[in-house]
Amino acid sequence: MKNEILIETKQLTKYFVGKKSLFNLHPKSVKAVDGVNLKIHEGEVLGLVGESGCGKSTLGRTILRLLPATSGEVLYRGQDILKFDKKQMWEMRRKMQIIFQDSYSSLNPRMTVEDLVGAPLEVFKEGTKEQRRERVVEMLEEVGLGAQHLYRFPHEFSGGQRQRIGIARALILNPDLVVCDEPVSALDVSVRAQVLNLMRTLQKKKGLTYLFISHDLSVVKHISDRVAVMYLGRVVELADRDELYRNPLHPYTQALLSAIPIPDTNRRRNRIVLSGDVPNPYNPPAGCHFHLRCSRVCESCKESAPALREVAPGHWVACQFA
Amino acid sequence: MSQPKKEKIQKASYAREVIDKLKAHKLAILGLCIWVLEILIVVFLPMIMNLDPYVSDYAAFDAPPSDTHILGTDSIGRDLFARLIYGGRTSLLVGILSTMISLIIGVPLGLLAGYYRGIVETVIMRVADVFMSFPSIVLILVLVSVLGPSIWSVTIVIGVLGWTSFARLIYANVLSVMEKEYVESARAVGTSDFWTIVKYILPNALPPILITVTFQTASAIITESSLSFLGMGVQPPEASWGNMLHDAQSITILSRSPWVWLPPGLAIVVTVLSINFFGDGVRDALDPKMKI
């Protein structure tokens, strides 16, 4: 990637602390995001995969400051946005947007499509009402809807159409970064491909940067330039898409990739089945979070967590054996 | 897909849709009609007819309905029809006005408590608990006797004490609405707290309140009636439906002169029911997901 770095997180952490009370003086905290260092380049799609509860959505929301970070930095073109005051942050909202997973609950049921898609324009007081409407119609047409949908309410649309409305709302201000929080996992397979292709087309056309969060490896493979794998709040592997899918180095990534079904009955392959469950995030294991389920575990894994290191150009792994 | 001209697209307005849905709700329309008719009668009839609720007809005490007195007279010869109309003025006024007061106090407080949580929530909701832990009729009696019984003191006391039900309901609704991603989406595009509350939270938290508004209006009318019945509400010679019932306390009147208590009693029942039906219809009509 030659492009400039758009977003960089440095040791970003987000803990959810339990409520302190008379009976619970030292509440436990969930380390949903635990010291994540990521660089997102301008114009790329960075896929973020991991199983449920590994902190991928939390990471996305923390980068956007929809959730307050516990510590660390989020640098936007070198500026730490976590230190921004209210006014500066408001200006930043124009440049960073989010597409939600659940298009049922992410669209206000009492607003028309015009108001929903035009909401960002209204917040930033762009143009007159007429100009805003025209802009909304243009944007709707770009996502495959049209002016005839302006005065409809969200419940009148199918899941795929609603997600298109969500995409239109996120892109109408021409943001730099769009966090896509499992945007297609609530859609059925036939619609999923359409929406994915639409997102990819728009990204290329407008030079957008996506942080694409998903638990679906084939979806991530389809859309991403680079892929990061998360496990229990930490990034365990990060590489170019092709490199990662061809040559996974972290045992967890290897196990994940071996679980992708291949539609070919003649091919046999080694399916790595992980033993045990994901450890309770209230009480993650010491050292490498993965050591309880890892086939290559050794003593030192239980003591210290391996840092991400670059084992090949652009290929980062947090495992001492890689 | 044919490309429709942009200026040709008609805005199928939301208000239009709400009215259409309301029209389909027969009971709600019936309730509304009765209610509007009642208000019209109560407001305009005294201007057309010569009604005097205070003057006694010395030729007719406790008279049953007749040509001169359509609904008869009470024990001191006052025309009961005139009293019913004037009593309706007071009862409806107290009902509507006191509900407005409750609404104006309760809704903002509930919104604040649900939106900001923390200390704001604790203060507002615990004060509401304190208010609710008093038996309301006793508290109303005490306050009214301190302020001195009159239409206005009754209205204000009922109104001010009624805020808790609105505050609690709005608060509960806000809590559930806040969980929705569209509130987060509002923050993600940089919407201010004020507009988030006005455009995203209030419209989704308010409709269930409408049914409470109607119930509250109805119950305020009943509370006013009970207060007047107990002699602590609207003071004679002024009429209200409640103190008309108060006049009918004795067993002789109850058994021998049904014309004294039947009309105001029926008026209360019909009013309360029609308001409730209307509220039910409005709530359904305001929900865009509800199909006719």
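So that the names make sense, note that chain A is the first sequence line, chain B the second, and so on, each numbered from 1. Keep in mind that what you see is a predicted model, and the values were worked out from it rather than measured.
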Strictly distance-based, threshold 3.5 Å: is any side-chain N or O of A:R110 a donor or acceptor partner for the main-chain N or O of B:Y200? no
Quick one: pull up [atom1] in [X] and [atom2] in [Y] and give me the separation to the nearest 0.5 Å.
| X | Y | atom1 | atom2 | answer |
| --- | --- | --- | --- | --- |
| B:Y182 | A:L107 | OH | CG | 10.5 Å |
| B:K180 | A:S105 | NZ | OG | 7.0 Å |
| A:L64 | B:R187 | CG | CZ | 10.5 Å |

[X] versus chain B, heavy atoms under 4.5 Å apart: side chain, backbone, both or neither?
| X | result |
| --- | --- |
| A:Y104 | neither |
| A:M89 | neither |
| A:E122 | side chain |

Between A:P109 and B:N204, is there a side-chain heavy-atom distance shorter than 4.5 Å? yes
Could B:E184 and A:R65 be called an ion pair, given the rule that one side-chain N must be under 4.0 Å from one carboxylate O? no
Just do the salt bridge (charged side-chain N to carboxylate O under 4.0 Å, His left out) check on B:E181 and A:R61 with the steps written out, would you? CA-CA 12 Å; B:E181 271 178 341; A:R61 283 172 163 74; 3.3 Å; yes
Would you say [atom1] of [X] has more than 12 non-hydrogen atoms from neighbouring residues, nucleotides or ligands within 6.0 angstrom?
| X | atom1 | answer |
| --- | --- | --- |
| B:W195 | CH2 | no |
| B:F134 | CZ | no |
| B:R168 | CZ | no |

If you look at every heavy atom in A:V123 and B:V189, which pair is closest and at what distance? CG1-O, 3.5 Å
Heavy-atom nearest pair, B:S185 first then A:R169, reads OG-NH1, 3.1 Å
